**Student:** 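Let me begin by handing over the structure; questions about it come next.
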Amino acid sequence: MLEKKEHVRREGLPELPGDHKGVVLRFAPNPNGPLSFGHSRGLVVNSTYAKQLSGKLILRFDDTDTTVKPPLVSAYDTIAKEVEWLCGFPADKIIIASDRMEFYHQFAEQALNEGFAYVCTCTAEAFREFRVGKTCCPCREREAEENIQHWQEMNSEDGYQPGQAVVRIKTDMTLPNPALRDWPALRIQTNPHPRIGNVWRVWPLLDFQSAVEDHLQNVTHIIRGKDLMDSTRKQKLLYQHFAWQYPETIYWGRVKVHEFGGFSTSQMRKDIEEGIYSGWDDPRLPTLSTLARRGIKPEALRNFWIEIGLSQKDIAVPLATLYSHNTSMIDATAPRLAFVRNPIRIELKGEIDSEVMIRSHPTEELGERKINLDGVVYIETEDHGDVRLKDLCDISSNGTITSIDRSDSRPIVHWVANGKENRLSIPEGKELRVEEGLLESHPHPIGTIVQLERIGYAIIEEDGLLLVHE
RNA sequence: GCUCGCAUAGUGUAGUGGCCCAUCAUGAAGCCCUCUCGAGGCUUCGACCCGGGUUCAAAUCCCGGUGCGAGCACCA
């Protein structure tokens, strides 16, 4: 029989491979600063699966680097709160790698004892030669006992110093992929850790720490960027040595947002400390704090990433896509207000009520605003001409009222009668443009998202308006 | 250089051999709406990277090419 199948479009995220029972996922940022837009993909994807499949979401702080990207003590707390804000629920469990060091040491010693790891005392440059030449470094020949001895020297203050020794996982120096050849698992760092100080000297690198912790936590699925594909391959080799089973792994491709180029957490941290930015929620920054401050709803961010999905394709998305999701979240509750930039005074000539009531939203019940007219309105200089004052009357360019009802198709403009001076800050990439103008009097408290008619959505802040988006 | 990955309209996606002269969203253009450059409704435009192969049949499988991206850190 010829059966006509329905063409059904898949909605939401693709089905997760593997077993759907007892799913354990993790989101593992480096707490060297609060979360950024870039982190939000991993968080949304992992938490959405965890929620859909009634699984667990682990928030894990990968804070084992005290040198290149040292942890920021305040970020641990901030990130936990940001996770709850974005996901709508808190992480089921929080793991801090720097509290779990004894486990990493224990498995490192096991690896050394069982002969699938060794202490390498070559310099990074020297080892590069071996890696490129597919030849073994002499350190690889050490017996387990000798390795343990060197390991103890790594852990001792008067033993090896940073850069003088690392622990490597034995793979195969002839592996076609150079990235996998006897990769480094632990190294010496003497900078004190901001959370726990100088308790440890030998710290694991990501590939080792993450692999061990995923096993310890029974993580079932790892969903991460495809830049970590070789990390998966390295970790699988380690899992073979330990005879563990590696989780299902899914990748996403690189995302470029045109409006947010060139920010790194370390750089932002430096710039904030130097006063270039006012803080982590400076309107020009691509952080989650900034997006929250700017009135971007967590649901909008979630819908945005879910729509993009999990393809391994590298993409470039305009922020307009995120904004369109946000518009649908905020429009129904955003009262309308008029904000007139570059105002020009117009004296109304003709009959008109001295008091008008105007709806705060064209379709939603957001109440009405009462406006007292004393014969003068302000419109934007650019709008000057024969226009219709929205919800009021048609006028000619000298202010003569030609009709109360709309009489023709002349342009509709917004206007302010008894406004107050205000300013609107507009983030434009790394710049912040400020527009002065007259804002209609209103009763809305700080934090309200309003729609400035014909301009865009804005949030009311203590000292002015901040544009959400158009 | 070595290794790995990806390739559908301007953008983002659906699609795992016949439902596909290809889905949905967004965009652009035009129209509608007692009245925003908002929201809503309608119409139109617009794509399977290239070349071979397998097959009765390929966007879908295989090979080659090209393009783009990533890893080869004592960062994550």
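None of these values were measured; they are calculated from a predicted model. Chain letters run A, B, ... following the sequence lines, proteins first, then strands; residues in each count from 1. The figures here come from the full heavy-atom set of this structure, side chains too, leaving out hydrogens, waters and symmetry mates.
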**Student:** Is it the case that over 12 heavy atoms from other parts of the model lie below 6.0 angstrom from the CD atom of A/Gln106?
**Tutor:**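 Enclosed: over 12 neighbouring heavy atoms sit under 6.0 Å from CD of A/Gln106.
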**Student:** Taking CZ from A/Arg224 and P from B/A70, how many angstroms apart are they, rounded to a whole number?
**Tutor:**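 The answer, rounded to whole Å, is 17 Å.
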**Student:** Would you say the side-chain atoms of A/Asp394 pair up with the backbone N or O of A/Ser403, donor to acceptor, closer than 3.5 Å?
**Tutor:** no
**Student:** Report the residue (A/Thr321 or A/Arg128) whose heavy-atom-nearest nucleotide on RNA chain B is the more 5′ of the two.
**Tutor:**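 Comparing both residues, the 5'-ward one is A/Thr321.
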**Student:** After noting the C-alpha distance and the side-chain angles of A/Arg454 and A/Asp383, does the key distance pass the salt bridge (Lys or Arg N to Asp or Glu O under 4.0 Å) rule?
**Tutor:** CA-CA 12 Å; A/Arg454 297 177 65 218; A/Asp383 290 334; 3.0 Å; yes
**Student:** How is A/Val166 classified with respect to the nucleic acid when contacts are heavy atoms under 4.0 Å: base, sugar-phosphate, or nothing?
**Tutor:** base
**Student:** If you look at every strand shown and take non-hydrogen atoms under 4.0 Å, does A/Ile188 touch a base, only sugar-phosphate, or nothing?
**Tutor:**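 Since no nucleic acid heavy atom lies under 4.0 Å of A/Ile188, the category is nothing.
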**Student:** State whether the side chain of A/Asn32 and the backbone N or O of A/Leu72 hold a donor-acceptor pair below 3.5 Å, judged by distance alone.
**Tutor:** no
**Student:** Map A/Ser231 and A/Pro318 onto RNA chain B by nearest heavy atom, then report which one ends up closer to the 5' terminus.
**Tutor:** A/Pro318
**Student:** Can A/Arg168 be said to sit on top of A/Phe127's aromatic six-ring, NZ or CZ under 6.0 Å from centre and within 45° of the ring axis?
**Tutor:** yes
**Student:** Within the structure shown, what part of the strands sits under 4.0 Å from A/Ile308 by heavy-atom distance: base, sugar-phosphate, or nothing?
**Tutor:** sugar-phosphate
**Student:** Send over the distance from A/Asn191 CG to B/C74 C1', rounded to a whole Å.
**Tutor:**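 Computing the A/Asn191:CG to B/C74:C1' distance gives 12 Å.
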**Student:** Looking only at heavy atoms, what is the nearest atom pair of A/Leu175 and A/Leu180, with distance?
**Tutor:**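 Here A/Leu175 and A/Leu180 meet closest at CD2-CB, 3.9 Å.
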**Student:** Students often get this wrong, so: under 4.0 angstrom with heavy atoms, is A/Gly163 touching a base, only sugar-phosphate, or nothing?
**Tutor:**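 Base, at least one base heavy atom under 4.0 Å.
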**Student:** Taking B/U54 as the reference, what is the distance to B/A22 when you measure between their C1' atoms (whole Å, please)?
**Tutor:**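 Going atom to atom, C1' in each nucleotide, I get 23 Å.
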**Student:** Looking across every strand, which nucleic acid part, if any, lies under 4.0 Å from A/Ala316 by heavy atom: base, sugar-phosphate, or nothing?
**Tutor:**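 Sugar-phosphate: the residue A/Ala316, judged by heavy atoms under 4.0 Å, touches backbone atoms but no base.
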**Student:** Just how far, in rounded Å, is P of B/C75 from NZ of A/Lys234?
**Tutor:** 11 Å
**Student:** Heavy atoms within less than 4.0 Å of RNA chain B: which residues of residues 59-76 of chain A have one? Give them sorted by number.
**Tutor:** A/Asp62, A/Thr64, A/Asp65, A/Lys69
**Student:** In whole Å, what separates the C1' atom of B/A47 from that of B/G15?
**Tutor:**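 One C1' to the other, the span is 13 Å.
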**Student:** Only Watson-Crick and G-U wobble pairs, only distances under 3.5 Å, only runs of 3 or more: what stems does that leave for RNA chain B?
**Tutor:**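 Output for stems: B:1-7 with B:66-72, B:10-12 with B:24-26, B:27-32 with B:40-45, B:49-53 with B:61-65.
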**Student:** Starting at atom CG of A/Leu205, determine the distance to atom C1' of B/C75, rounded to an integer number of angstrom.
**Tutor:**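 One finds 8 Å between C1' of B/C75 and CG of A/Leu205, rounded.
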**Student:** Side-chain donor-acceptor contacts of residues 260-268 of chain A below 3.5 Å, not counting sequence neighbours, with atom names and distances?
**Tutor:**
{"residue": "A/Ser264", "atom": "OG", "partner": "A/Gln267", "partner atom": "N", "Å": "3.0"}
{"residue": "A/Gln267", "atom": "NE2", "partner": "A/Asp271", "partner atom": "OD1", "Å": "3.1"}

**Student:** With ring centroids as reference points, do A/Phe61 and A/Tyr76 lie under 6.0 angstrom apart?
**Tutor:**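 Yes, close enough.
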**Student:** Taking atom P in both B/G10 and B/A76, what distance in whole Å separates the two?
**Tutor:** 41 Å
**Student:** For the P atoms, the ones on B/G64 and on B/C4, what distance do you get once it is rounded to whole angstrom?
**Tutor:** 12 Å
**Student:** Using whole Å, what does the distance between atom P of nucleotide B/G12 and atom CG of A/Leu319 come to?
**Tutor:** 14 Å
**Student:** Could you tell me how far apart A/Asp207 (CG) and B/G71 (C1') are, to the nearest whole angstrom?
**Tutor:** 11 Å
**Student:** Which residues satisfy the ring-ring contact (aromatic ring centres under 6.0 Å, His included) test with A/His20, sequence neighbours excluded?
**Tutor:**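 Partners of A/His20 under the ring-ring contact (aromatic ring centres under 6.0 Å, His included) test: none.
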**Student:** Has the side chain of A/His384 got a donor or acceptor atom that lies under 3.5 Å from a matching backbone atom of A/Thr381?
**Tutor:** no
**Student:** Is A/Arg10 close enough to B/U13 that one of its side-chain N or O atoms is under 4.0 Å from OP1 or OP2 there?
**Tutor:** no
**Student:** Go along nucleotides 33-44 of chain B 5' to 3' and tag each nucleotide: B for a protein heavy atom under 4.0 Å from its base, S when only backbone or sugar atoms are that close, - otherwise.
**Tutor:** --BBBBS-----
**Student:** Take A/Asp391 and A/Arg359 through the salt bridge (Lys or Arg N to Asp or Glu O under 4.0 Å) test and state the conclusion after the steps.
**Tutor:** CA-CA 9 Å; A/Asp391 298 316; A/Arg359 290 179 64 91; over 6 Å; no
**Student:** How far does the C1' atom of B/C49 sit from the matching atom of B/G69, given to the nearest Å?
**Tutor:**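 Comparing C1' positions in B/C49 and B/G69 gives a spacing of 16 Å.
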**Student:** Could you tell me how the ring of A/His193 sits relative to the ring of A/Trp203: parallel (under 30°), tilted (30 to 60°) or perpendicular (over 60°)?
**Tutor:** parallel
**Student:** Atom CD of A/Glu15 to atom C1' of B/A14: distance rounded to whole Å?
**Tutor:**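 To the nearest whole Å, that distance equals 16 Å.
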**Student:** Relative to the ring of A/Tyr239, is the ring of A/Tyr246 parallel (under 30°), tilted (30 to 60°) or perpendicular (over 60°)?
**Tutor:** perpendicular
**Student:** Please measure how far the C1' atom in B/C61 lies from the corresponding atom in B/U43, and state the result in whole Å.
**Tutor:**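 Result for the C1' pair: 40 Å, nearest Å.
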**Student:** Can we call the ring centroids of A/Phe37 and A/Trp305 under 6.0 Å apart?
**Tutor:** yes
**Student:** Starting at the 5' end of nucleotides 1-9 of chain B, put B wherever the base has a protein heavy atom under 4.0 Å, S where only the sugar-phosphate does, and a dash everywhere else.
**Tutor:** -BSSBSSS-
**Student:** Find the distance A/Leu322:CG to B/U11:C1' and express it as a whole number of Å.
**Tutor:**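 Between C1' of B/U11 and CG of A/Leu322: 15 Å.
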**Student:** For A/Leu291 and A/Leu301, which heavy atoms make the closest approach, and how far apart are they?
**Tutor:** CD1-CD2, 4.2 Å
**Student:** What does A/Cys122 touch in the nucleic acid at a heavy-atom separation under 4.0 angstrom: a base, only the sugar-phosphate, or nothing?
**Tutor:** base
**Student:** Tell me if the aromatic rings of A/His469 and A/Tyr457 count as close, with their centers under 6.0 Å from one another.
**Tutor:**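 Judged by ring-centre distance (under 6.0 Å), A/His469 and A/Tyr457 do meet the cut-off.
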**Student:** For A/Arg254 and B/G69, is the shortest distance between a side-chain N/O and OP1 or OP2 below 4.0 Å?
**Tutor:** no
**Student:** Taking atom P in both B/A29 and B/C62, compute the distance separating them and give it to the nearest angstrom.
**Tutor:**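 That atom pair is separated by 42 Å.
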**Student:** Taking B/U11 as the reference, what is the distance to B/A7 when you measure between their P atoms (whole Å, please)?
**Tutor:**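 It works out to 15 Å between them.
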